[in-house]
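Working notes for the structure below.
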Amino acid sequence: MLTRLYIQNYALIDSLDISFPGNLVVISGETGAGKSILLGALSLLLGRKADASVLGDPSRNCVVEAEFEDAGEQTILRRVVSPQGRSRSFVNDEPVPLDELKQISATLVDLHSQFDHIMLSSSKYQLSVLDAFAGISDDVAAYRELYGSWCATGRKIAELQALSAKSESDRDYLQYQFDQLDAARLAEGEQEELEAEQNQLANSGEISEQLAVASALFDADDCSIGSQLRALESALDKVARFIPEAGALRERVESARIDLKDVDYELSSLGDKVRFSPERLQEVDDRLALLYDLMRKHSVQSVAELIAVRDDISARLGQGLDMEGQLESLRTEYAALRGKCTAAADALHNARLGAAAKLADELQQSVRSLEMPLALFEVKLDTLAEPGPDGMDEVAFLFSANKGSAPKELSKCASGGELSRIMLCIKALVSRYMGMPTMIFDEIDTGVSGSVAYRMGEMIVSMGEHMQVMAITHLPQVASRGNAHFLVYKDIASDGRTHSAIRRLEGKERELEIARMLSGATITEEALANARSLIDNANL
């Protein structure tokens, strides 16, 4: 149940911190006092959209916090709205997404606004009432998860079919590209080797000429490099008899002469390798032209990148071949899920069918107790051709208040006062099956008066025996039945601003408030006596 509500800087509420007892809690107040503001603040905890317009003082945060106690466990919900209009949500002081706050609060409190009877015209709402009465709400949730999987598989099939169709239209071109790259027999590093070979073949004449010049320096009889180095060795050998350091120089010259002898040998080998071949040059030119053309076509700069393109095309072609396998697997899964959905929907249908007449009977009896003795109530089920989000059923609540009139859809035959009574009967009935710890009614007694209001009060009191019920009301017959009575009123603060506030009424104050609800602004002795009588009778 809701044990404490704290509100700061919400519209006309500057600061409010109030505790609530269990059972039936009545809230009253003059029109415009701020009852709807109180509920507006509370609805923030139920996930209502928030913006900066809710701020009373636009320079400060708005904070709404509620403490709930359910089965011995305490849950604290908080919503904070900044001057920029951004909001944050907390559960037990831990930040949570707004959707999570909404889900948790939905298990703790049911807030019925004075316009919620419009929901009675919704087939979806009517179906949720039937499901709660039948005790299959968890089964419905499980079905919706199964249905979601079935729909998701259907979407995957459609997406893959579209991709397959596009892939098929691209396949011929991809195959042509792959065949062209595959036929090229690409090898990483080939381009660099061919470019080097091309450079040699194109300049073979100059290479041979310069190698010949170099070889001639080694081959001259008297003035070859080798002869001159031997002469240098001999001279240094003679000097070494007088200058020992010259011996080391002679050894270095000897080493250089031996190295140059190897150079001479390798020059001869290079010369043997250099052979001008117009045929080979043409082959290299053609191969490079092919590689350059492929690189240009595929907008790459190297053979390694071409190889990557070829492999990617190969993979895409492979994916295209695998799509049919994937589609077949998805179609099998889709058929299996459809079968499960149909079976689950059939089970829901049978449960709903078994509960529909019982629900209609109980609602009919309940509505008749609110001075509609000739009321007729029916729950009609229609079967869909295919499973939908809620199964294979559509439900319609049919109602007639008058003898001789066939029941029709609620939205087409019930007045505002009748809808209020029917909604209360539904809430009273369903609350027993939903295990909702707190239910809040915002003037559900709108459009009724007299003995009907008294009987509605009895029904609300009965609900309050097994749960916390908070009833915002304008009827003294209902207000007098509460275990606790709170008054919402306007107050002028020291700064001259008008604020909405709330306080608990006891004793004489409560008598005066109920007398005001009976007679208006002018409270008469008769109204006070009537108020005391209502309170005394409620306590019997």
I'd like to know if Asp14 and Arg60 make a salt bridge, using a cut-off of under 4.0 Å between side-chain N and carboxylate O.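 Result for this pair is yes, salt bridge flagged.
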Assess whether a salt bridge exists between Glu511 and Lys508, defined as any Lys/Arg side-chain N lying under 4.0 Å from an Asp/Glu carboxylate O.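 Answer for the salt bridge query: yes.
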Taking the side chain as every heavy atom from C-beta outward, state whether [X] and [Y] have any atom pair closer than 4.5 Å.
X	Y	answer
Leu42	Leu45	yes
Ile422	Leu363	no
Leu398	Glu409	yes
Val469	Asn23	no
Phe377	Arg368	no
Thr31	His474	no
Ile18	Phe20	yes
Ile7	Ser15	no

Kindly indicate, with the supporting measurements, whether the criterion salt bridge (charged side-chain N to carboxylate O under 4.0 Å, His left out) is fulfilled by Arg503 and Glu509. CA-CA 11 Å; Arg503 71 173 188 272; Glu509 278 193 322; 3.1 Å; yes
Which heavy-atom pair separates [X] from [Y] by the least distance, and what is that distance?
X	Y	answer
Val478	Ile460	CG1-CD1, 4.3 Å
Cys341	Tyr143	O-CE1, 3.4 Å
Ala50	Arg79	CB-NH2, 3.7 Å
Tyr10	Ile37	CE2-O, 3.3 Å
Leu111	Ser43	CD2-CB, 4.2 Å
Ala479	His485	CB-CE1, 3.9 Å

Got a donor-acceptor contact below 3.5 angstrom from the Ser533 side chain to the Ala529 backbone?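 Judged by distance alone, no pair lies under 3.5 Å.
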Greater than 12 external heavy atoms within 6.0 Å of [X]'s [atom1]:
X	atom1	answer
Glu362	CD	yes
Glu525	CD	no
Asp138	CG	no

Taking only residues two or more places apart in sequence, or in another chain, which ones meet Ala428 in a side-chain contact (heavy atoms from CB on, under 4.5 Å)?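 Testing Ala428 for side-chain contact (heavy atoms from CB on, under 4.5 Å), a comparison that skips the adjacent residues, returns Met459, Met463.
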Parallel, tilted or perpendicular: rings of Phe441 and His112 (30°, 60°):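 Correct class here is perpendicular.
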If you measure only the distance, is there a donor-acceptor pair under 3.5 Å linking the side chains of Gln365 and Asp361?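 Looking only at side-chain atoms, Asp361 and Gln365 do form a donor-acceptor pair, the distance falling under 3.5 Å.
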Going from CD1 on Ile27 to CE on Met470, what distance comes out if it is rounded to the nearest 0.5 angstrom?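 So the gap between those two atoms works out to 4.0 Å.
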From His499 atom NE2 to Ile492 atom CD1, the distance as rounded to the nearest 0.5 Å: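 Separation between the atoms: 10.0 Å.
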With sequence neighbours left out, write down each residue that passes salt bridge (charged side-chain N to carboxylate O under 4.0 Å, His left out) with Arg504, or none if nothing qualifies.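 Glu506.
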Of all residues at least two apart in sequence or in a different chain, which pass the salt bridge (charged side-chain N to carboxylate O under 4.0 Å, His left out) check with Glu65?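 Checked Glu65 against salt bridge (charged side-chain N to carboxylate O under 4.0 Å, His left out); matches are Arg4, Arg78.
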Going through the distances and angles, do Arg510 and Glu513 end up as a salt bridge (charged side-chain N to carboxylate O under 4.0 Å, His left out)? CA-CA 5 Å; Arg510 188 178 185 191; Glu513 172 60 11; over 6 Å; no
Take Glu418 and Arg421 through the salt bridge (charged side-chain N to carboxylate O under 4.0 Å, His left out) test and state the conclusion after the steps. CA-CA 5 Å; Glu418 289 169 342; Arg421 281 178 270 180; 5.2 Å; no
Under the salt bridge (charged side-chain N to carboxylate O under 4.0 Å, His left out) rule, what do Asp110 and Lys427 come out as? Steps first, then yes or no, please. CA-CA 10 Å; Asp110 181 1; Lys427 292 283 186 178; 2.9 Å; yes
